[in-house]
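See structure below.
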Amino acid sequence: MKTVSEQIRLWRLLRLWMLACTAWAMCLGPAHAADRTFAKRFSINKAGDILIVGNTLMTCPGSCPTVQNGTSATLNNNNYSMAYVNTEGGAFLNSSRADLNLPAGAYVEWAGLYWGGQSANAAKNQARFITPLSDSNLTSTVVDTGSANANRYQA
């Protein structure tokens, strides 16, 4: 058993250690809160597969076909100036296309469309969605912008 003087010394060391930890924690700065409260979009407990389809809106221009088709040794486009893809042409500044092929008998339980970028345009919450059966102009129900740069967004 420790003597009273040893116990007092240990208690003082413990108090000093706690004071140092508290001072260090106060120097860390405030915790950052989320810009908004996030909610679950969809939930299901069911057997099946998940398919994700997407595409890019920026690529290196025609001078980098080995990067675009995946045969480049480095598989990156770091040394190229980027350009808009614009598969639709015409009045579109920027567009891309992706196909989702479902096996026979398959069906979609839920689907979400998300896009993002950096723009000061007030219409960044809008997208044109073209399918084999329809052509629609969509408006996002939610647009999240960056705290440090409001031009960066996800819709």
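- A single hydrophobic cluster is not seen to contain both L113 and W110; linkage of ILVMFWY side chains at heavy-atom distances under 4.5 Å, directly or through other members, places them apart.
- A side-chain donor-acceptor contact under 3.5 Å links S95 and N86.
- Within 6.0 Å of atom CG in D135, more than 12 heavy atoms from other residues, nucleotides or ligands are found, so the atom counts as buried in its surroundings.
- Using a 4.5 Å heavy-atom threshold, the side chains of R128 and L138 count as separate.
- Between W115 and K124 the shortest side-chain heavy-atom distance does not fall below 4.5 Å.
- Nearest heavy atoms, N94 versus V85: OD1-N, 4.0 Å.
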After noting the C-alpha distance and the side-chain angles of E109 and I44, does the key distance pass the side-chain contact (heavy atoms from CB on, under 4.5 Å) rule? CA-CA 9 Å; E109 191 75 49; I44 194 169; 3.7 Å; yes
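- Residues F42 and L100 are members of separate hydrophobic clusters, defined by side-chain heavy-atom contacts under 4.5 angstrom among Ile, Leu, Val, Met, Phe, Trp and Tyr.
- The closest side-chain heavy-atom distance from N151 to T145 is not below 4.5 Å.
- By the rule that hydrophobic residues join a cluster once side-chain heavy atoms approach within less than 4.5 Å of another member, V53 and V108 end up as members of one cluster.
- A donor-acceptor pair shorter than 3.5 Å cannot be found between the side chains of T59 and T56.
- Between E88 and R97, some side-chain heavy-atom pair lies under the 4.5 Å cut-off.
- Between Y114 and S140, every side-chain heavy-atom pair lies at or beyond the 4.5 Å cut-off.
- Nearest heavy-atom pair, K46 versus Y107, reported as atom, atom and distance to 0.1 Å: NZ-OH, 2.7 Å.
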